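Reviewing the structure listed below.
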Amino acid sequence: MDPRASSHLWPMLWCLAAVSLPILIALDLSFSPAHWLPFCVLIYLHAEQRPGRMYALPLVMLCLCGMDLARLTSWWPCDIACQGGAHYQTIFNVSVIWPALVAHVLMTALAVRDLRRSAYCAWTNRLGWLLAGVSLFFLLVAYQLDIHCPYCRAVHWGTVAALLCLAPLPTGMRWWQPLSWALVGVLVANAVFHHTAVPDVKPAIGGPQLPVAADDQARRQTAEAGRTYGHATAPRTLELIIDLTCRHCAEQYRPLMDALKPAIAAKRVRVVVRHLVRPSQSASTPAAELALAAAVLGEHAAAMEVLLGSNQDAGVAGLQARLGEVIDPVKLDAVFSTQRNALGALLIDDQQRITLLGVGPRTPSAVLLENGKVTKRWSGDLPVTAILASLDGAL
């Protein structure tokens with residue numbers, strides 16, 4: 001082979017491995033050989049000390065910088081807010097993507113500089129292991145909260161995979177030194193956030209701030225009936241857990257409800273919509289309260305059409321004004337302002353019920369019950385075909 005062609009071949013292989021690695025990780029973390037092929041390529045080339053191996057780290061870091069920019073521009077959305085991990089999206093009200101982008105740009109600059117020197121310096125290794133430690137912390141949190149976000153997978157596993165590009169260690173650096181920097185990364189992330197996983201869901205314990213008056217009990221029952229679709233004698237009950245600020249809920253709720261209409265009309269199933277609220281989303285609680293207020297008026301379906309996909313930072317006045325466009329604003333305000341305590345108590349009931357159903361903080365979710373017993377659960381997704389097939393099963 002022409003030596004000049006060979007000198008170009010290895011950088012091309014590095015480019016293929018480095019670019020495909022984060023993408024394949026984002027798509028699937030299975031042990032399929034096709035998905036882990038980039039790892040094998042990186043290990044082989046490093047073991048053989050092939051020409052062009054220094055191209056790998058700059059390419060991986062450029063991919064990570066691109067992912068950061070994709071997230072900041074909303075081109076690649078992050079799903080952890082809908083899965084109960086919004087606590088880890090910000091640091092002092094600043095998106096974690098900004099410090100990540102700064103770190104990735106710095107790492108890219110160091111990698112490019114070292115490329116010219118044909119050897120990675122000690123500070124490149126230290127920063128790489130530090131970032132890997134931070135990513136390991138986030139991966140542990142994702143495991144504890146059962147979060148499956150393609151964007152987060154790509155970023156954090158890509159960061160860990162970048163360590164393969166740093167082998168072997170620079171002369172004079174002992175094995176325990178990079179491990180200590182990884183430990184520093186874990187400890188720093190632990191100090192910034194919390195030593196235990198923090199699910200972004202309102203606690204299911206406690207009660208309303210004010211006692212619920214006797215006449216409010218009737219209003220709670222009215223709201224309960226208003227957000228229930230179908231006949232009380234239906235043999236099955238499907239409970240839907242919806243966060244009105246969750247984009248996946250907005251995308252999947254309507255198609256499922258449309259598909260369920262024949263079964264509801266035939267008295268085969270009744271559907272109860274429960275509203276999950278999140279402390280991190282300022283609009284989550286008032287949007288749910290407004291939906292329940294509309295349920296008191298028999299307008300829950302109209303409220304769901306309007307409030308699904310609400311901006312997480314929307315104010316109460318703005319949400320109420322939007323809902324007032326489809327529901328009599330005077331009647332809505334009368335219920336919302338005078339029965340807020342009863343609505344809040346019903347929301348607390350919902351959080352307790354969601355915990356009892358065992359679907360956790362992920363939305364959207366659905367639970368099918370037959371004769372009061374749970375038979376099926378779907379968490380983080382509303383698969384229309386599977387749900388309809390479950391309704392066709394024998395009692």
Side-chain angles (χ1 to χ4, degrees), residues 77 79-86 146-147 199-202 204 220 223-230 237-261 263-264 269-296 298-312 314 319 322-323 326-327 343-344 346-369 374 376-384 386-388:
D79 292 337
I80 67 170
C82 294
Q83 300 183 28
D146 193 27
I147 292 175
D200 181 33
V201 62
K202 189 173 181 178
R220 290 175 63 179
E224 181 73 30
R227 52 93 170 267
T228 300
Y229 302 81
T237 299
L238 183 68
E239 300 200 19
L240 302 181
I241 292 82
I242 300 296
D243 171 15
L244 291 170
T245 63
C246 170
R247 69 182 183 91
H248 293 293
C249 293
E251 295 168 355
Q252 299 182 33
Y253 174 80
R254 297 181 184 93
L256 176 61
M257 290 300 290
D258 288 341
L260 287 172
K261 285 181 179 179
I264 293 174
V269 66
R270 71 182 187 120
V271 178
V272 180
V273 180
R274 301 198 180 275
H275 297 282
L276 183 142
V277 295
R278 304 190 188 279
S280 71
Q281 319 290 345
S282 60
S284 183
T285 298
E289 290 176 339
L290 283 167
L292 293 176
V296 174
E299 297 284 357
H300 185 262
M304 293 297 287
E305 287 292 325
V306 173
L307 296 176
L308 271 169
S310 294
N311 188 308
Q312 63 183 31
L319 292 170
R322 284 180 55 200
L323 192 54
V326 297
I327 300 175
L343 301 176
L346 189 54
L347 273 185
I348 291 174
D349 291 345
D350 273 2
Q351 311 318 300
Q352 294 173 341
R353 179 63 176 172
I354 292 169
T355 301
L356 182 64
L357 292 172
V359 289
R362 301 182 68 188
T363 53
S365 296
V367 178
L368 182 64
L369 300 97
V374 175
K376 294 284 186 178
R377 290 187 181 92
W378 298 270
S379 185
D381 190 24
L382 298 177
V384 175
I387 293 175
L388 293 180

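Index from 1, following the sequence. Predicted model, so just to flag it, every value in this text is computed and none were measured.
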Close side-chain approach of T228 to V273, heavy-atom, < 4.5 Å: no
Test item: E239 and R353 side chains (from C-beta on) under 4.5 Å apart, heavy atoms: yes
Beyond-backbone contact of L368 with V374, side-chain heavy atoms, under 4.5 angstrom: no
Evaluation steps, salt bridge (Lys or Arg N to Asp or Glu O under 4.0 Å), between R227 and D350: CA-CA 12 Å; R227 52 93 170 267; D350 273 2; 2.7 Å; yes
N/O donor-acceptor pair under 3.5 Å between Y229 side chain and A301 backbone: yes
Distance in Å, L323 CG paired with L307 CG, rounded so as to fall on 0.5 Å steps: 5.0 Å
R377 CZ to I241 CD1 distance, which is reported to the nearest 0.5 Å: 10.0 Å
Sidechain-backbone polar pair: S310 side chain, A287 backbone, donor-acceptor under 3.5 Å: no
Reference residue D243; test side chain to side chain donor-acceptor pair (under 3.5 Å); the match among R362, R278, H275: R278
Q281 (side chain) donor-acceptor with V277 (main chain) under 3.5 angstrom: no
Residue pair L388 / V384, side-chain heavy-atom distance below 4.5 Å: yes
Exam field: side chain S379 to backbone V359, donor-acceptor pair closer than 3.5 Å: yes
NE2-CG distance between H248 and L308, expressed to the nearest 0.5 angstrom: 13.5 Å
Expected output: side-chain R254 to main-chain E305 donor-acceptor under 3.5 Å: yes
